[in-house]
There are 6 protein chains.
Amino acid sequence: MWVDLSEDELRAYRSSQTDPADFDAFWADTLAESRRHDLAVSVTPIAVGLTTVEVFDVVFAGFDGQPIRAWLRVPARRDERLPAVVEFVGYGGGRGHPMENLLWSSAGFAHLVMDTRGQGSGWSTGDTPDPAGTGPAFPGVMTRGIESRETYYYRRVFVDAVRAIEAVRTVDVVDAERVALYGNSQGGGIAIAAAALDGHVSAVVPRVPFLCDFRRAPVITDRPPYREIAQYLKAHRHSVERVHETLQYFDCVNFARRASAPAWFSTALMDGTCPPSTVFGAYNAYAGPKQITVWPYNEHEGGGIEDDAIALEALRGVFDRAERH
Amino acid sequence: MWVDLSEDELRAYRSSQTDPADFDAFWADTLAESRRHDLAVSVTPIAVGLTTVEVFDVVFAGFDGQPIRAWLRVPARRDERLPAVVEFVGYGGGRGHPMENLLWSSAGFAHLVMDTRGQGSGWSTGDTPDPAGTGPAFPGVMTRGIESRETYYYRRVFVDAVRAIEAVRTVDVVDAERVALYGNSQGGGIAIAAAALDGHVSAVVPRVPFLCDFRRAPVITDRPPYREIAQYLKAHRHSVERVHETLQYFDCVNFARRASAPAWFSTALMDGTCPPSTVFGAYNAYAGPKQITVWPYNEHEGGGIEDDAIALEALRGVFDRAERH
Amino acid sequence: MWVDLSEDELRAYRSSQTDPADFDAFWADTLAESRRHDLAVSVTPIAVGLTTVEVFDVVFAGFDGQPIRAWLRVPARRDERLPAVVEFVGYGGGRGHPMENLLWSSAGFAHLVMDTRGQGSGWSTGDTPDPAGTGPAFPGVMTRGIESRETYYYRRVFVDAVRAIEAVRTVDVVDAERVALYGNSQGGGIAIAAAALDGHVSAVVPRVPFLCDFRRAPVITDRPPYREIAQYLKAHRHSVERVHETLQYFDCVNFARRASAPAWFSTALMDGTCPPSTVFGAYNAYAGPKQITVWPYNEHEGGGIEDDAIALEALRGVFDRAERH
Amino acid sequence: MWVDLSEDELRAYRSSQTDPADFDAFWADTLAESRRHDLAVSVTPIAVGLTTVEVFDVVFAGFDGQPIRAWLRVPARRDERLPAVVEFVGYGGGRGHPMENLLWSSAGFAHLVMDTRGQGSGWSTGDTPDPAGTGPAFPGVMTRGIESRETYYYRRVFVDAVRAIEAVRTVDVVDAERVALYGNSQGGGIAIAAAALDGHVSAVVPRVPFLCDFRRAPVITDRPPYREIAQYLKAHRHSVERVHETLQYFDCVNFARRASAPAWFSTALMDGTCPPSTVFGAYNAYAGPKQITVWPYNEHEGGGIEDDAIALEALRGVFDRAERH
Amino acid sequence: MWVDLSEDELRAYRSSQTDPADFDAFWADTLAESRRHDLAVSVTPIAVGLTTVEVFDVVFAGFDGQPIRAWLRVPARRDERLPAVVEFVGYGGGRGHPMENLLWSSAGFAHLVMDTRGQGSGWSTGDTPDPAGTGPAFPGVMTRGIESRETYYYRRVFVDAVRAIEAVRTVDVVDAERVALYGNSQGGGIAIAAAALDGHVSAVVPRVPFLCDFRRAPVITDRPPYREIAQYLKAHRHSVERVHETLQYFDCVNFARRASAPAWFSTALMDGTCPPSTVFGAYNAYAGPKQITVWPYNEHEGGGIEDDAIALEALRGVFDRAERH
Amino acid sequence: MWVDLSEDELRAYRSSQTDPADFDAFWADTLAESRRHDLAVSVTPIAVGLTTVEVFDVVFAGFDGQPIRAWLRVPARRDERLPAVVEFVGYGGGRGHPMENLLWSSAGFAHLVMDTRGQGSGWSTGDTPDPAGTGPAFPGVMTRGIESRETYYYRRVFVDAVRAIEAVRTVDVVDAERVALYGNSQGGGIAIAAAALDGHVSAVVPRVPFLCDFRRAPVITDRPPYREIAQYLKAHRHSVERVHETLQYFDCVNFARRASAPAWFSTALMDGTCPPSTVFGAYNAYAGPKQITVWPYNEHEGGGIEDDAIALEALRGVFDRAERH
């Protein structure tokens with residue numbers, strides 16, 4: 001069943017999330033701090049038994065110079081520098097197995113899949129620790145360090161993501177001018193944030209994105225991971241405002257207001273995990289060129305492989321136009 | 001939690017499924033009937049936007065000459081005839097989207113994914129109807145036509161599977177001497193049956209196979225799809241013996257007794273969908289060379305991509321040895 | 001809890017279902033085709049151990065001449081031709097056991113309970129196969145053949161229902177001028193359709209009817225069987241419009257617009273299976289004389305035996321008036 | 001899935017329930033007390049709109065002379081005194097609507113359905129209060145007054161049941177020598193108890209009976225109503241032995257040891273509500289002639305209408321033999 | 001997620017519950033009848049092993065003179081008469097263990113916790129029977145005797161509560177002029193009713209109160225205990241109006257209209273058990289001075305210990321001001 | 001229902017957990033490292049509005065000198081040094097609100113409740129961060145740092161617990177010779193570990209203890225928190241042995257083998273969270289004097305307040321005997 005506003009209402013909906021005056025300063029400082037560390041990209045070929053695709057184990061310096069792992073996959077046969085797709089992954093997963101996730105490289109792109117620190121023990125595995133501790137938190141990462149913007153978990157992740165873009169641009173087979181961001185759910189939210197923070201990506205593809213409209217999301221759905229925030233505030237009754245002060249620095253609604261790359265969003269009207277109004281909260285605020293696919297009978301899987309087909313065509317168009325310049 | 005016998009008990013377990021005297025005759029007649037129809041293989045290239053892999057829309061004559069669809073994926077670059085992996089899919093799914101499922105072709109094999117007739121509206125889509133009707137049945141395909149071996153749904157599917165093997169052997173890029181069967185869950189069960197019925201495949205990889213040990217499965221688990229049988233018998237109280245008479249012609253325990261290809265099984269001790277004793281019922285009866293991976297903390301996902309890594313290494317070994325002959 | 005609109009809103013609600021121009025032509029053609037087959041009614045007495053009621057096993061030619069079974073129950077003692085109640089049954093059930101369902105015959109009516117083809121393996125049993133196959137479908141019958149109006153499952157069922165009315169009129173103990181239709185849930189939907197298609201029944205009693213307002217139902221409830229449609233479209237994302245084009249030929253809202261017999265509907269405000277607005281979608285469109293009982297604290301059981309008590313009194317009134325003419 | 005012992009183990013199983021020395025004295029005293037009150041049977045015809053069956057509203061003096069209601073249904077046409085079936089109903093229900101439950105009267109028997117005091121607000125309705133209060137109790141009737149055998153709820157119900165048999169024997173259309181007891185679940189338990197206490201019934205039909213093997217039942221199933229006992233003891237940790245001292249006076253295992261009428265039990269191997277070992281606990285202890293139908297794929301519905309068909313044939317045989325004497 | 005109206009709507013919401021003309025007369029008569037019995041307070045010290053708090057087992061005559069038990073806890077060291085907090089407990093619980101619930105006495109108050117008759121077998125235990133029987137009722141106490149205001153369960157409980165206040169005033173260590181009422185959920189509802197009926201208490205603290213707005217509550221939530229009413233009416237379809245006629249004499253909305261003591265309510269926006277609009281139904285109607293704490297991220301636990309901290313400060317203020325007079 | 005072995009089997013059960021050769025060396029080193037930091041106990045009175053109990057906010061140096069918070073509650077009136085109860089709390093909770101949990105201080109003991117680092121956002125709140133990061137982990141703390149014994153979360157917690165004992169001994173109102181440990185579930189496990197590591201406590205009260213028998217627990221129950229381990233291993237299939245190598249240094253079975261203080265265990269036969277065999281795994285291995293209370297009808301609440309009553313009597317006995325020495 002439809003879980004949220006009607007499609008007309010969705011298109012008219014505007015998020016109530018506010019834009020803190022020092023949002024940009026906070027992020028400029030945050031990035032500057034981490035950029036003091038050398039990016040330290042290492043790219044190591046690994047044998048996985050494939051013949052059409054080569055896989056590399058990538059490490060680069062993320063937040064505070066901490067090592068972040070990724071897989072880079074490229075077509076075995078390639079003549080020129082390749083456009084790149086940087087992928088961020090959904091909640092609980094990691095970069096997975098080197099043998100998985102062959103679409104983007106089989107389509108002729110360089111494909112970097114970044115681990116999400118401390119995650120990677122759910123639907124896919126990860127290899128990257130999160131060296132930071134946390135105050136009292138509800139299980140999951142949503143409330144780790146949430147009592148201040150400095151310690152909040154996603155501060156570290158968003159910096160990792162920006163550094164991943166910077167890292168992929170340094171790889172010799174990659175055309176640094178043609179980098180797109182792609183992600184599903186949490187990965188979609190990270191993609192929006194990273195696009196805004198980096199400022200130079202060619203395109204961004206947030207599929208059923210998470211991390212949007214934090215004032216609204218946890219009060220209109222009972223499902224994790226948004227529910228983790230509600231669970232935390234259920235216990236920490238006096239932290240409501242402090243938590244929301246933190247979250248406004250991480251809400252993709254606020255990043256969307258700062259983005260300029262062309263974007264291909266998707267959302268689903270039966271998605272109780274990332275309800276469509278929270279996605280439209282970000283989409284309607286998005287400052288760059290944009291399109292959104294609305295799947296009327298889907299849940300959090302959204303368009304699934306159909307979203308990929310749309311994205312593949314869109315990215316090929318973007319990259320081809322970019323190349324011709 | 002572990003849902004079944006201990007691993008020691010599993011290794012000692014023998015299925016109580018009986019082997020009807022005319023099992024082989026029934027299947028010989030069934031195949032002979034369908035083989036009267038021309039195989040009528042058509043292989044049409046389709047554009048899916050990939051560069052390293054080519055995809056073909058395949059149609060061939062399955063049970064009673066009815067058209068069955070499949071995707072054939074092959075590496076774009078290839079010098080010689082390729083060994084082939086024929087994949088059968090899990091319950092409720094279909095051959096899916098041409099852009100999905102790129103592992104086997106990226107590994108350098110020809111990869112045929114057969115639609116399961118009348119399914120393909122669940123976790124992936126299909127394009128093949130099942131023209132046969134049914135008596136009163138419980139929702140799902142498990143009890144369609146179950147009151148006789150002639151009309152039972154899987155009679156048609158197993159013939160389709162044998163014909164898929166025959167079809168892939170006719171494709172020009174394929175080395176007809178090197179064909180392996182692969183499948184997950186229902187696909188694993190179909191693979192066992194087809195391996196036994198075909199008699200000439202190079203290897204079979206049944207991962208967490210379904211369709212095994214029909215006397216036991218529906219009374220030790222409450223989960224679909226085995227539960228569909230119990231639900232049918234709950235309503236049709238007088239059909240218990242008739243249904244089990246039908247099922248003994250379709251039980252992979254009986255096919256396993258007739259198989260000769262080397263096999264790589266897997267099973268998981270927390271798998272409540274295809275409980276490990278039912279898998280061991282088939283595995284312990286399997287007449288060919290065999291190995292089984294037991295995943296102690298997994299559910300019906302079994303080894304997931306790790307099972308694929310094992311299979312890839314195993315199949316490469318089998319195919320390489322076959323080639324040297 | 002109340003699951004839908006308030007009662008005031010329900011009474012004002014109008015379905016958005018549209019009425020295809022060739023709706024009547026489609027059904028006229030469909031019925032004409034099946035009527036080419038002889039009705040071939042057979043009525044066989046069976047011994048069930050009752051003394052006040054006699055039971056007959058009835059077979060007649062339904063869609064495309066295919067045999068459909070029913071039970072006919074009549075009071076053992078009868079002096080004249082009896083008015084008849086034709087009953088269609090709820091989703092998943094069948095005509096059941098000859099010994100069940102004695103109300104209408106104990107009230108002095110002839111009572112015919114029609115099997116629903118291919119169903120009858122759930123809450124009651126059936127004996128009638130559905131010889132037609134299907135394209136890829138979600139488990140259950142809701143999406144069998146749904147990609148075209150010609151192949152859709154309910155095309156066959158609605159013809160069976162019309163033929164059942166015609167069949168009961170041929171039985172010697174029945175007064176052909178006094179036939180009412182009765183059904184619960186799916187049976188209620190079939191009753192509305194059959195009343196409209198037949199055009200001559202004395203009354204129709206749709207209790208908490210299903211098969212109404214197909215644009216709305218699958219997006220306001222998560223419960224099967226409406227959910228089967230949503231599940232199908234979740235997989236077959238490109239079939240949304242095609243499926244709805246099919247469904248408009250089967251929506252009881254459109255049949256209600258064509259009905260003329262007096263009708264006694266019921267609905268329940270806590271019914272999440274057939275939400276009350278979908279029932280009111282049909283009720284408010286119903287073109288004949290009509291009444292509706294609204295049960296405020298009931299779920300899909302609606303008024304249960306109380307609905308029967310209302311129906312019994314209503315039908316006795318209708319039949320008595322009809323007899324006096 | 002099967003929820004309990006294997007069928008072989010079930011047949012060998014013996015309940016650990018003990019037989020208190022003063023069991024018979026307790027019940028003799030209890031019955032004697034209530035029999036001091038006049039039975040005060042009133043039988044009032046009511047109009048329900050049926051033609052083959054007549055329905056009477058019956059009231060009689062149950063426990064402590066308190067009025068208990070029942071429906072009596074008899075065939076409208078009858079020539080001689082009829083054998084009678086006294087039915088006790090399942091947990092939560094009541095005698096229901098006069099128009100329901102027509103099988104036994106349609107088969108030519110007098111059929112008395114007794115209300116269960118204080119119940120009758122669940123799957124069917126009742127009209128009989130329970131004037132007795134209760135100590136602290138868990139919701140439901142299982143623990144009302146459970147701290148002593150004098151105050152326990154079922155003391156009153158079992159007396160009501162014995163008095164119902166006595167009442168039906170006084171009705172003029174009934175042949176007092178031919179009275180059988182019938183019941184499903186709770187009704188089956190009451191039937192066993194009443195058969196033992198009355199001592200003169202012609203037969204007893206306990207279908208999937210409840211109220212058996214109280215030491216075992218609440219520790220092998222989590223489902224209500226047995227769970228109510230476990231829930232009570234969860235709160236009242238010091239009452240474990242006192243509660244079991246009470247229950248041994250009400251356990252059908254102990255009544256079964258005292259029964260002499262021929263009995264037709266049924267049980268289902270997937271019944272998690274009244275697990276089969278508890279039924280076999282009573283069945284194996286049953287002192288009279290006995291048969292049991294074991295349904296391998298059924299849950300608490302047991303044999304459903306098939307159990308009725310078996311019972312009807314069995315009772316007709318018993319009654320016919322009794323008549324010939 | 002938020003389960004009800006927005007906070008703005010909640011503050012504007014007015015219950016539709018009506019105020020029967022003889023409400024006051026009914027309760028005046030009811031109290032007068034029970035007050036004919038001597039209050040018969042007994043206060044017995046018991047040894048529980050605490051050193052800072054003394055515990056007494058209290059019995060007094062409640063409804064119709066029936067004995068009601070309570071614990072009285074007082075600080076071991078005390079110089080003068082103490083203000084008292086009378087606590088009523090939540091649904092299913094009882095006065096509990098003497099060793100539990102030490103807050104109010106540790107804060108220097110006399111603390112009386114009244115048993116709720118017939119309950120006390122759930123989350124805490126009780127020791128007080130309910131000697132009254134019941135008509136057919138749904139499991140739980142919500143529908144016991146609900147067919148008339150005379151027999152309804154809460155008539156007895158509300159009288160018990162008024163008598164508890166009168167009883168605590170007689171205890172020698174208590175300052176009879178300073179008695180406050182406190183309760184959570186059901187206890188909060190009882191507190192509102194008792195405050196209105198007694199008319200002289202110093203303050204009332206209804207936390208997430210139950211028993212409010214009976215027309216609305218069972219149709220906006222599916223959770224017990226409100227659901228018990230809906231379940232009863234689901235079976236007893238003809239009792240809808242009679243039940244609501246009874247309930248209007250017990251609805252805390254109507255008691256709130258008659259209350260004068262200062263009140264500290266609380267409610268939670270995610271509370272599906274006692275939805276916030278039903279609490280605001282009572283709060284907005286409350287005639288005395290009032291405050292309400294709204295917890296945005298809490299469920300039925302409301303403010304938990306934070307509500308206690310607020311209450312402790314409030315009561316200390318009330319009692320201090322009262323003492324100074 | 002009973003979820004595990006029978007009580008006889010439980011008493012005979014011996015855990016298969018092995019005892020690593022360097023277990024004692026590992027813990028000696030670990031403690032020595034942390035003891036290099038000054039204990040730095042601070043004890044600050046706070047005003048919470050109670051009159052019989054005083055509450056202090058305590059901070060001390062835990063693992064690696066990191067600050068750990070606790071509440072210390074003592075009777076307001078006290079003449080001599082008090083015996084102390086150190087409490088560790090259950091999974092997900094924290095030291096809670098200063099106003100809660102008054103039993104032990106009201107009984108005349110000093111009562112220290114230690115925060116569990118990084119937890120305290122569930123059923124009660126905490127105030128202590130965990131400064132350590134983690135590798136990829138499943139939500140919750142069970143798998144934080146689990147890939148090595150050095151980084152495992154409970155290494156830090158167990159050291160905190162030992163230091164809490166040392167801290168309470170330094171408080172002036174406490175009799176350092178009389179310190180007992182108490183805990184429920186996770187708190188019970190921590191108590192066993194801390195008792196073994198400290199070596200000098202007067203008694204230990206592990207109620208339904210968690211953290212026992214790590215080989216068995218996650219394969220016999222599906223419930224969190226043991227399930228977190230299974231979920232981690234489901235994703236990290238190659239870590240099974242490494243994880244179990246870590247866990248053997250933290251299994252309370254191994255600590256129990258080293259304990260000498262008299263112990264009062266409890267367990268419940270319906271406890272699916274900490275199944276009784278895992279508790280008996282530790283209990284049967286426990287090297288000191290011991291008793292266990294087995295609650296037959298309880299779940300994870302175990303004996304609840306009844307366990308406290310037993311513990312209070314036991315501790316008073318232990319402390320009195322200790323004082324007399």
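Order of the sequence lines sets the chain letters (A, B, ...), proteins ahead of strands, with each chain counted from 1. None of the values given here were measured: they were computed from a predicted structure.
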Whatever's closer than 4.5 Å to a heavy atom in chain C on A:Trp2 counts as both
Are the aromatic rings of C:Trp123 and C:Tyr91 close, with centres under 6.0 Å apart? no
So, does A:Tyr226 use its side chain to make a donor-acceptor pair with the main chain of A:Leu211 at under 3.5 Å? yes
Contact class of [X] relative to chain A, heavy atoms under 4.5 angstrom:
| X | value |
| --- | --- |
| C:Arg223 | neither |
| C:Val219 | both |
| C:Leu233 | both |

Between C:Lys234 and A:Glu301, is there a salt bridge with N-O shorter than 4.0 Å? yes
Less than 4.0 angstrom from a charged side-chain N to a carboxylate O is my criterion; do C:Arg215 and C:Asp251 meet it? no
Counting heavy-atom pairs under 4.5 Å with chain C, the top scorer among A:Pro296, A:Gly304, A:Gly303 is A:Gly303
Side chains of C:Thr246 and C:Glu147 only: does a donor on one sit below 3.5 Å from an acceptor on the other? no
